[in-house]
Number of protein chains: 2
Amino acid sequence: MKIPLQLNFPLVLESSTLRNCSGCSMHQICLPAGLNEHQTRLLSQIVVHKKIAKDSYLYRIGDPFTALYAVRVGHFKTYQENLAGNRQINGLQMSGDLLGMDAISSARHQCDATALEDSEVCVIPYAQLETLFTEMPILMRHFHRVMSKEIIGEQDVIMILGNMYAEQRFAAFLVNLSTRYALRGYSPTRFQLRMTREDIGNYLGLTIESISRMIAKLRKNGLIEVRQRDVELLDLAALKKLAAGMDISDTSPISICVTSAEAEANYLLPQPVQQPYSLIQG
Amino acid sequence: MKIPLQLNFPLVLESSTLRNCSGCSMHQICLPAGLNEHQTRLLSQIVVHKKIAKDSYLYRIGDPFTALYAVRVGHFKTYQENLAGNRQINGLQMSGDLLGMDAISSARHQCDATALEDSEVCVIPYAQLETLFTEMPILMRHFHRVMSKEIIGEQDVIMILGNMYAEQRFAAFLVNLSTRYALRGYSPTRFQLRMTREDIGNYLGLTIESISRMIAKLRKNGLIEVRQRDVELLDLAALKKLAAGMDISDTSPISICVTSAEAEANYLLPQPVQQPYSLIQG
DNA sequence: CGGTCGATTGAAAGCACTCAATCGGGGTGG
DNA sequence: CCACCCCGATTGAGTGCTTTCAATCGACCG
């Protein structure tokens with residue numbers, strides 16, 4: 001049953017320090033979270049790095065599933081395609097995120113995954129990872145949490161697509177990015193959109209034109225500032241209100257600051273659990 | 001680390017035969033799939049049954065997470081609520097389906113789960129289940145497949161909500177039910193809708209009126225017959241075409257039968273992988 | 001300095017929603 | 001046993017949000 005922990009891939013791809021998870025800035029967010037130094041090293045030993053150029057595939061629908069991928073550097077999008085040829089982006093992954101978990105059940109990838117920019121991933125051979133699970137229950141438990149978070153993230157997308165207007169969807173998208181970047185130590189109010197308007201629209205079940213209009217609307221209302229891909233969130237509290245399904249459009253511009261502050265306070269009260277990856281809360 | 005396999009709950013709730021997974025008609029679909037007799041018994045020992053009356057909660061948002069639940073009898077829906085009070089149904093579970101996996105990451109339930117009819121579940125204490133994982137890698141691997149399927153199922157919902165018209169959404173819903181019932185040995189063309197029109201509409205990001213109209217439309221086109229909750233799929237191939245994102249409305253009624261047959265043949269060709277739980281394929 | 005691709009903006013159309021009235025089955029009480 | 005009520009479902013008319021179509025703008029690049 002147990003597969004010996006040996007490396008069956010070139011060892012010279014990267015220096016050993018680079019392949020050490022404990023030296024990775026994302027190790028608190030990624031798979032090694034909670035592992036001690038020894039355990040982290042065991043995990044590191046089955047991992048190999050791989051560069052993915054912008055717009056190229058990490059994997060494609062139907063590819064045999066051999067490994068999970070953790071984003072080290074860059075961003076990815078995952079999307080599926082139906083028989084009519086329509087694409088639907090169902091995920092946006094950034095550093096520390098895990099890709100490919102939907103392929104476990106069928107042993108084939110269910111999505112296409114492409115790099116939004118020049119990126120780098122950790123290749124985690126799945127058979128070896130499962131072997132590690134039996135030896136490291138801590139790792140196994142954390143993996144279950146990661147998969148659970150993936151489920152929650154998709155439930156949030158479902159909430160957005162099933163229940164919200166264009167403005168709310170886009171606000172939820174921005175708040176989600178904000179929260180995830182904050183978790184990674186980046187600015188929660190200033191970041192680059194890695195997706196094109198078209199991708200964002202596809203992701204949110206809208207058209208590129210609608211995204212443009214929502215950007216114009218939020219900017220006009222003083223909630224955001226956008227220059228090309230560069231975004232600044234000027235009123236995160238108001239955006240969170242929108243993302244929570246509340247309509248602030250009928251609030252006069254002057255009182256937005258006040259209500260936003262109140263909202264921020266109230267916002268934290270009835271909330272059951274804050275999910276780091278949540279699109280609709282956080 | 002390891003928790004001794006002892007029962008710390010009343011043993012008299014049900015007869016021991018009832019708690020034996022191997023005697024359950026869903027054991028091929030549910031968690032014990034792939035386990036031998038001995039392993040199945042080990043799993044059975046940590047499971048206890050629980051009845052859930054119609055319209056009552058299996059769990060609520062914020063409840064501490066202690067166990068997963070496998071549906072033995074009946075149907076459930078899961079839904080979340082945003083701060084504005086809007087609900088979004090994000091799952092429909094039937095016998096053999098597992099509930100509660102989204103709660104693993106935060107140790108609190110992320111959804112409300114209510115019974116659509118008088119139902120019965122297997123309570124699977126999660127801490128004990130994880131202990132079993134370390135002793136039974138087969139069980140662990142299957143659990144990962146189950147979680148992976150959950151992810152795929154939600155990706156399919158995302159595809160539906162993000163990309164499809166009302167008619168296609170409803171067709172996809174019917175095809176999904178058809179496939180899942182077939183997998184359980186029930187008729188793929190004749191079944192009861194356990195959800196109200198309102199629930200179906202909420203699940204599909206539509207209103208109750210739209211569902212009514214789509215039922216009328218599909219019925220008029222001869223694809224389905226509906227009486228109250230009783231549904232019969234008269235042209236499953238055409239429904240699958242619709243669910244795959246293709247529009248068959250401009251096809252003349254007479255030629256539908258022909259094109260449907262052709263579609264059925266073509267349908268199976270380019271398809272990457274058929275997922276049993278898939279809403280959009282299968 | 002064009003060329004290209006992404007983004008913006010406007011006008012018109014379409015699909016689903018909202019509002020409202022009606023229908024109909026199932027349960028209850030007289 | 002029937003009348004009534006209640007709630008889910010159906011159907012129609014009008015509205016509205018988003019899409020579609022089209023033109024223009026603008027940044028990046030060779």
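Letters A, B, ... are given to chains in the order of the sequence lines, protein chains preceding strands, and every chain is numbered from 1. Note that the structure is a prediction, hence the values are computed from the model and not measured.
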Requested in this report: Going by the side chain to side chain donor-acceptor pair (under 3.5 Å) test, name the single residue among Asp199(B), Asn202(B), Asp112(B), Asn90(B) that passes it with Lys77(B).
Outcome: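 Testing each of Asp199(B), Asn202(B), Asp112(B), Asn90(B) against Lys77(B), the sole residue satisfying side chain to side chain donor-acceptor pair (under 3.5 Å) is Asp199(B).
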**Report entry** Salt-bridge contact Asp97(A)-Arg184(A) (side-chain N to carboxylate O under 4.0 Å)
**Finding:**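 Yes, charged N to carboxylate O under 4.0 Å.
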Query raised in the report: Does the distance from a Lys or Arg side-chain N to an Asp or Glu carboxylate O, for Lys50(B) and Glu120(B), drop under 4.0 Å?
Result: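 No salt bridge links Lys50(B) with Glu120(B).
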For [X], which contact category applies under a 4.0 Å heavy-atom criterion: base, sugar-phosphate, or nothing?
{"X": "Leu206(B)", "answer": "sugar-phosphate"}
{"X": "Arg227(B)", "answer": "nothing"}
{"X": "Gln228(A)", "answer": "sugar-phosphate"}
{"X": "Thr196(A)", "answer": "sugar-phosphate"}
{"X": "Gly201(B)", "answer": "nothing"}

Using only side-chain N and O atoms of [X], determine if any of them is under 4.0 Å from OP1 or OP2 of [N].
{"X": "Ser212(A)", "N": "dT9(C)", "value": "no"}
{"X": "Arg229(B)", "N": "dA9(D)", "value": "yes"}
{"X": "Thr207(B)", "N": "dC17(C)", "value": "yes"}

Using whole Å, what does the distance between atom [atom2] of nucleotide [N] and atom [atom1] of [X] come to?
{"X": "Asp55(A)", "N": "dG6(C)", "atom1": "CG", "atom2": "C1'", "value": "13 Å"}
{"X": "Leu161(A)", "N": "dC17(D)", "atom1": "CG", "atom2": "P", "value": "19 Å"}
{"X": "Arg219(B)", "N": "dT10(D)", "atom1": "CZ", "atom2": "C1'", "value": "10 Å"}
{"X": "Asn163(A)", "N": "dC17(C)", "atom1": "CG", "atom2": "P", "value": "11 Å"}
{"X": "Asn202(B)", "N": "dG8(D)", "atom1": "CG", "atom2": "C1'", "value": "16 Å"}
{"X": "Leu116(A)", "N": "dG6(C)", "atom1": "CG", "atom2": "P", "value": "13 Å"}
{"X": "Lys54(A)", "N": "dC28(D)", "atom1": "NZ", "atom2": "P", "value": "12 Å"}
{"X": "Tyr165(B)", "N": "dT18(D)", "atom1": "OH", "atom2": "P", "value": "15 Å"}

Query raised in the report: Just by modelled atom types, is the Arg87(A) backbone N or O under 3.5 Å from a matching donor or acceptor in the Asn163(B) side chain?
Result: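 Pair found, side chain donor or acceptor close to backbone of Arg87(A).
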With distance as the sole criterion, do the side chain of [X] and the base of [N] form a donor-acceptor contact below 3.5 Å?
{"X": "Glu209(B)", "N": "dC19(C)", "answer": "yes"}
{"X": "Glu198(B)", "N": "dC7(D)", "answer": "no"}
{"X": "Arg213(B)", "N": "dT18(C)", "answer": "yes"}

**Report entry** Heavy atoms from other residues, nucleotides or ligands near OH of Tyr57(B) exceed 12 (cutoff 6.0 Å)
**Finding:**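 Yes, the 6.0 Å shell around OH holds more than 12 heavy atoms from other groups.
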